**Q** 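Right, I'll just put the structure down here and ask away after.
Chain letters run A, B, ... following the sequence lines, proteins first and then strands; every chain starts at 1. Values in this document were obtained by computation on a predicted structure and should not be read as measured data.
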Amino acid sequence: MHIFDSVQKTKRKFTPLEEGKVTLYVCGPTVYDDAHLGHAKSALVFDLLTRVLEANGYTVTYARNITDIDDKIIKKAIEQKKDIKEITDFYTDAFHTEMQAIGVKRPTLEPKATQSLEAMYALVQQLLDKGHAYQTTDGDVYFDTASDSKYLSLSHRIQNEEDKQERVESSSFKRNSADFALWKSVKDDSVTFESPFGAGRPGWHLECSAMIEKHLAYKDREFAIDIHGGGADLLFPHHENEAAQTRCATNHALANYWMHNGFVNIDGEKMSKSLGNSFFLKDALKEYDGEVLRFYLLSTHYRSDFNFNTEDLMHSKKRLDRLYRLKKRLFGLAQNEQETAFSKALLETLNDDMNVSTALALIDEMISGANETLDTAGKHKQLKRETMANLTYIEKLLGFGLKNPFEYFQFGVDSATKEQIDALIAKRNEAKKAKDFALSDSIRDEILAFNVNLMDTPQGTFWEKI
RNA sequence: GGUGCCAUCGCCAAGUGGUAAGGCCGCAGCCUGCAAAGCUGCUAUCCCCAGUUCAAAUCUGGGUGGCACCUCCA
């Protein structure tokens, strides 16, 4: 397996720190608002990564944190006159529900900041003891970036000389403008935590380093964990700072491999609150099947930026439809776990830095081939068995095709409408039987008005929501 | 201003030195009472210029055009 390391900027062969095991940490959401498509993309990318790793026989310990201490959360709680926990629980639950809808499996661990404070204190103390951090007169604890010769080695940034010299005056007592807060002293606020450094709140970057040490880290290895992931925007400053903290506080580097997924833009523009174009997952799920969203968001390479638009989404749906139509043709046949030439090829291409595009091309070719044989040799037992094995493998590895194919094609149609359609189909079939094609065609027009497609097959007449 | 990424058919998108995957759309045909679905066939020389090489979409240099990060951010 090869993965692109965004720090070394090259595709590297993946070798775990410990034989047969993989430790993976991905920066999760700050739970103060609904998840948008970008959160979905990131979660999907690393969900796929764990599936591919597992398919290669690795036991994966995957941690994705929940940031439930944050100024934005506090702000929202004050605005809505609610308890912090009420806010964070609400959005955490929503996040879980939405992730499930797009087929993202729960990580092995979901550590919360509120449950990791002791680990954070320990890390800050280590940094203070080793002279990599300092506390200002007003109580803040900062990381001393000048004390870390490897600072900026992750993001390959060049320290600006002017910045370096600059002494930030005003309220801050930072030695260097690049220094970042490990602990923010807060005195005039109800939401504080009592630490050895006084009352306050932890810095954002601290949380991830602390959780990794607490839950995942190998103590005696060159690297704390195998893979660290997150969105491309996190490389700097978040991951740079995490890496600095861990490097300076402990005797190992943070991660052997760094993976960053590309951004989701909406109609060519970055999603942002100020532009007012945030596309929330919960809204997308009202319009589209979660699996269609999964398929669409995963359909291009994870490192590329992704430009979301509904036209392309519908193209992806049509592609997934092909998979489900084949499932429909083979409906009722037993699942099959056997290895096939197809399953080997599929894993092989995904092993190459998760080349999903080529994987999808393989799937399309497999579908066409199966349909062709089914068209010409209907009772091809061996082919059917093999195709079932292929479909089963796609479900497991990519999470596509998990639903009942008939239900999949009826997404968003209420039961009353379904009954109407079924009644009309029965009427039309009678007309067809009587060879009254004028009547059957007029009934078909009635059915099509429900925005569905009709298809007559040897197994009967089926309809699909367009 | 600093750092970095990208530019492949009408659209989406792989391929990163050996002669252009796949999907959508379109056209023709098979199948069908007619459709739909399915199948078959057809449809690009890879932004521009120069260079390296037996050989480049793929490497180098220079353009042009997009974009991201440098502040919270998936």
Side-chain angles (χ1 to χ4, degrees), chain A residues 6 9 11 26-30 32-33 35-46 64 67 70-72 152 155-163 178 204 229-238 240 260-265 268-274 278 295-296 299-301 303-307 309 311-322 325-326 328-329 349 352 355-376 409 431-432 435-438 440-441 444-445 447-448 452-458 461-464 466:
Chain A
S6 37
K9 298 188 187 208
K11 236 184 237 184
V26 176
C27 297
T30 301
Y32 73 102
D33 204 351
H36 58 228
L37 294 173
H39 295 107
K41 168 88 182 177
S42 183
L44 283 166
V45 164
F46 293 102
R64 183 184 62 204
T67 299
D70 184 272
D71 291 353
K72 291 187 285 290
L152 299 183
S155 56
H156 307 292
R157 255 156 233 279
I158 295 161
Q159 183 113 39
N160 187 314
E161 282 304 312
E162 280 175 35
D163 282 1
W204 172 45
D233 55 329
L234 296 180
L235 180 56
F236 186 85
H238 185 52
E240 186 72 60
H260 292 93
N261 63 275
F263 256 60
V264 178
N265 300 319
E269 285 202 305
K270 181 177 170 172
M271 258 188 284
S272 79
K273 291 239 160 106
S274 52
S278 288
F295 189 101
Y296 176 48
S299 66
T300 71
H301 193 88
R303 276 189 278 121
S304 306
D305 279 347
F306 189 94
N307 188 30
N309 70 69
E311 195 184 328
D312 294 341
L313 172 70
M314 293 320 285
H315 292 168
S316 271
K317 180 187 179 300
K318 287 185 178 182
R319 213 170 176 180
L320 184 59
D321 286 352
R322 283 163 49 79
R325 291 206 186 95
L326 179 60
K328 214 155 70 165
R329 285 186 88 162
T349 189
D352 180 16
N355 189 333
V356 178
S357 286
T358 301
L360 293 184
L362 287 173
I363 290 173
D364 285 322
E365 281 163 4
M366 185 280 288
I367 293 170
S368 290
N371 274 326
E372 188 187 359
T373 312
L374 253 25
D375 279 352
T376 51
F409 283 114
K432 271 177 62 176
K435 299 220 185 294
D436 186 349
F437 295 124
S440 87
D441 286 353
R444 178 165 62 198
D445 289 342
I447 298 172
L448 263 36
V452 300
N453 256 342
L454 261 200
M455 40 198 66
D456 295 322
T457 78
T461 302
F462 300 119
W463 62 273
E464 297 180 353
I466 293 169

**Q** Need the pair for B:rG33. Rule: Watson-Crick or G-U wobble, both distances under 3.5 Å, any strand; none if unpaired.
**A** none
**Q** When the P atoms of B:rG26 and B:rU60 are considered, how many whole Å apart are they?
**A** 40 Å
**Q** With sequence neighbours left out, what residues match A:S6 under side-chain hydrogen bond (donor to acceptor under 3.5 Å, both in side chains)?
**A** A:H260
**Q** Between B:rA14, B:rG23, B:rG4, which nucleotide gets closest to the side-chain atoms of A:R319?
**A** B:rG23
**Q** Below the 4.0 Å mark, does B:rA74 have OP1 or OP2 next to a side-chain nitrogen or oxygen of A:H39?
**A** yes
**Q** With P as the reference atom in both, quote the distance from B:rA68 to B:rA13 in angstrom, rounded to an integer.
**A** 16 Å
**Q** Using the C1' atoms only, state how far B:rU8 lies from B:rG22, rounded to an integer number of Å.
**A** 14 Å
**Q** Does B:rC46 have a Watson-Crick or wobble mate here (both distances under 3.5 Å), and if so which one?
**A** none
**Q** For a quick check under 3.5 Å, do A:N261 and A:S42 share a side-chain donor-acceptor pair by atom type?
**A** yes
**Q** What is the distance from NE2 of A:H301 to P of B:rC5, rounded to the nearest Å?
**A** 15 Å
**Q** Could you tell me whether A:D352 and A:K11 make a salt bridge, using a distance below 4.0 angstrom between a side-chain N and a carboxylate O?
**A** yes
**Q** Which heavy atom in A:F263 sits nearest to a heavy atom in A:D305, and how many Å separate them?
**A** N-OD1, 2.7 Å
**Q** Identify, between A:N307 and A:L362, the residue whose nearest nucleotide on RNA chain B lies closer to the 5' end.
**A** A:N307
**Q** Classify A:E365 by what it touches in the nucleic acid, base, sugar-phosphate, or nothing, heavy-atom distance under 4.0 Å.
**A** sugar-phosphate
**Q** With C1' as the reference atom in both, quote the distance from B:rG41 to B:rU53 in angstrom, rounded to an integer.
**A** 38 Å
**Q** What's the verdict on salt bridge (Lys or Arg N to Asp or Glu O under 4.0 Å) for A:D456 and A:K432, showing C-alpha distance, side-chain angles and the deciding distance?
**A** CA-CA 11 Å; A:D456 295 322; A:K432 271 177 62 176; 3.0 Å; yes
**Q** Cation-pi check for A:F295 against A:R319: NZ or CZ below 6.0 Å from the six-membered ring centre and within 45 degrees of the axis, yes or no?
**A** no
**Q** For the pair made of NE2 in A:H315 and P in B:rC24, what is the distance, rounded to whole Å?
**A** 9 Å
**Q** Using a cut-off of 4.0 Å between protein heavy atoms and nucleotide atoms, how would you tag nucleotides 67-72 of chain B 5' to 3' with B, S and -?
**A** S-BS-S
**Q** Could you check whether A:S42 gets within reach of a base, just the sugar-phosphate, or nothing at all, counting any heavy atom under 4.0 Å?
**A** sugar-phosphate
**Q** Please determine whether a side-chain nitrogen of the Lys or Arg among A:D441 and A:R444 lies less than 4.0 Å from a carboxylate oxygen of the Asp or Glu.
**A** yes
**Q** Given that both distances must come in under 3.5 Å, which nucleotide forms a Watson-Crick or G-U wobble pair with B:rU16?
**A** none
**Q** For A:H238, report the nucleic acid contact type (base, sugar-phosphate, nothing); a contact means any heavy atom under 4.0 Å.
**A** nothing
**Q** Only pairs with both distances under 3.5 Å count, Watson-Crick or wobble alike; so what is the partner of B:rC59 in this structure?
**A** B:rG51
**Q** For A:E464 and A:V452: C-alpha separation, side-chain torsions, deciding distance, then whether side-chain contact (heavy atoms from CB on, under 4.5 Å) applies.
**A** CA-CA 5 Å; A:E464 297 180 353; A:V452 300; 6.0 Å; no
**Q** Among the nucleotides B:rG23, B:rA14, B:rA74, which one has an atom lying closest to any side-chain atom of A:T300?
**A** B:rA14
**Q** Expressed as a whole number of Å, how far does the P atom of B:rC27 sit from that of B:rA36?
**A** 11 Å
**Q** Would the distance check show the side chain of A:H39 and the main-chain N or O of A:H36 forming a donor-acceptor pair, the cut-off being under 3.5 Å?
**A** yes
**Q** Measure the distance from CD on A:E311 to P on B:rA13 and round it to the nearest whole Å.
**A** 12 Å
**Q** Consider only side-chain N and O atoms of A:N309 and A:D312, and report whether a donor and an acceptor are under 3.5 Å apart.
**A** yes
**Q** Whom does B:rA7 pair with, Watson-Crick or G-U wobble, provided both distances fall under 3.5 Å?
**A** B:rU64
**Q** Heavy atoms from C-beta onward define the side chain here; which of B:rC25, B:rC12, B:rA21 lies closest to that of A:K318?
**A** B:rC25
**Q** Quick one: pull up OG1 in A:T349 and CG in A:L360 and give me the separation to the nearest 0.5 Å.
**A** 9.5 Å
**Q** Look at all strands and tell whether A:G231 reaches a base, only sugar-phosphate, or nothing, counting heavy atoms closer than 4.0 Å.
**A** sugar-phosphate
**Q** Between B:rA14 and B:rA21, how far apart are the C1' atoms? Round to whole Å, please.
**A** 6 Å
**Q** What's the gap between B:rC6 and B:rG17 when it is taken at their P atoms, as a whole Å value?
**A** 14 Å
**Q** Please report, rounded to the nearest Å, how far the P atom of B:rU16 is from the NZ atom of A:K11.
**A** 7 Å
**Q** So what does A:V356 hit on the nucleic acid, given a heavy-atom distance under 4.0 Å: a base, only sugar-phosphate, or nothing?
**A** nothing
**Q** At under 4.0 Å between heavy atoms, how does the protein contact nucleotides 31-44 of chain B? Give one character per nucleotide, 5' to 3', with B, S or -.
**A** --BBBBSSSS----
**Q** For A:M314 and B:rC24, give me the distance from atom CE to atom P, rounded to whole Å.
**A** 13 Å
**Q** Below 4.0 angstrom, N of the basic side chain to O of the carboxylate: do A:D375 and A:R329 qualify?
**A** yes
**Q** Between B:rC24 and B:rA20, how far apart are the two P atoms, rounded to whole Å?
**A** 23 Å
